[in-house]
Amino acid sequence: MANTKKSSSSSKSSSSSSSRSSRSSWGLNKVSFWTIVAVTFLYAVSLVLSACGVNAKVVSALQGLATAVMICIVAILAWRYVKSKPMVWIVLYVICLLIVIAGIIVPLVI
């Protein structure tokens with residue numbers, strides 16, 4: 001009888017802690033979901049503008065903006081992973097981020 005009460009109370013505490021963690025304000029899952037929603041909206045607008053024959057520069061700028069939003073979110077999450085690592089990881093992060101930024105900007109300029 002005592003064991004059933006003990007297991008019952010431990011299951012209540014574990015379920016309440018899991019429900020608390022799922023109610024966090026801005027978790028990784030929520031940020032990922034809303035980023036996809038925002039980027040989908042930007043890509044949909046650029047698709048409609050492209051179909052309507054709007055200037056290609058405007059369409060590519062919207063697509064570049066959507067890509068930049070995704071890269072910013074990923075860069076923030078990657079920094080949270082890298083900041084406690086040795087210096088070589090931080091250098092690798094900075095180099096990769098600079099190459100990605102150049103990969104976005106250079107095609108828009110050329």
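Below, each value reflects all heavy atoms present in this structure, side chains not excepted, and no hydrogens, waters or symmetry copies. All residue numbers in this chain count up from 1 along the given sequence.
- In the hydrophobic clustering of ILVMFWY residues, with side-chain heavy atoms under 4.5 Å counting as a link, Leu47 and Val39 come out apart.
- With side-chain heavy atoms closer than 4.5 Å counting as contact, directly or through intermediates, Leu92 stands alone and belongs to no larger hydrophobic cluster.
- Counting only residues at least two apart or in different chains, ring pair (Phe, Tyr, Trp, His ring centres under 6.0 Å) contacts with residues 60-96 comprise Trp79-Tyr93.
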Intermediate values then yes/no, side-chain contact (heavy atoms from CB on, under 4.5 Å), Asn55 and Val58: CA-CA 6 Å; Asn55 188 0; Val58 174; 4.2 Å; yes
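- Partners of Ile95 according to the side-chain contact (heavy atoms from CB on, under 4.5 Å) rule, which considers only residues two or more places apart in sequence or in another chain, are Val91, Ile99.
- Residue Leu62 is grouped with residue Phe41 when hydrophobic side chains (ILVMFWY) are merged at heavy-atom distances under 4.5 angstrom, including chains of intermediate members.
- Residue pairs meeting the ring pair (Phe, Tyr, Trp, His ring centres under 6.0 Å) criterion with at least one member in residues 53-74, sequence neighbours excluded, do not occur.
- Cluster membership check: Val94 shares its hydrophobic cluster with Val82, using side-chain heavy-atom separations under 4.5 Å among Ile, Leu, Val, Met, Phe, Trp and Tyr.
- Annotation: the span from Lys30 atom NZ to Ser32 atom OG amounts to 12.0 Å, rounded to 0.5 Å.
- In terms of hydrophobic clustering, with Ile, Leu, Val, Met, Phe, Trp and Tyr side chains grouped at heavy-atom distances under 4.5 Å, Leu42 and Met70 are assigned to different clusters.
- The same ILVMFWY cluster, assembled from side-chain heavy atoms under 4.5 Å apart, contains both Ile101 and Ile90.
- Partner Phe33 forms a side chain to side chain contact (heavy atoms under 4.5 Å, CB included) with one of Val31, Val37, Ile36, Thr35 and no other, that one being Val37.
- Looking at residues two or more places apart in sequence or on another chain, you find a side chain to side chain donor-acceptor pair (under 3.5 Å) between Thr67 and Tyr43.
- Considering every non-hydrogen atom in both Ala75 and Leu97, the closest pair reads CB-CD1, 3.8 Å.
- Within the structure, no pair that satisfies the ring pair (Phe, Tyr, Trp, His ring centres under 6.0 Å) test touches residues 54-74, not counting sequence neighbours.
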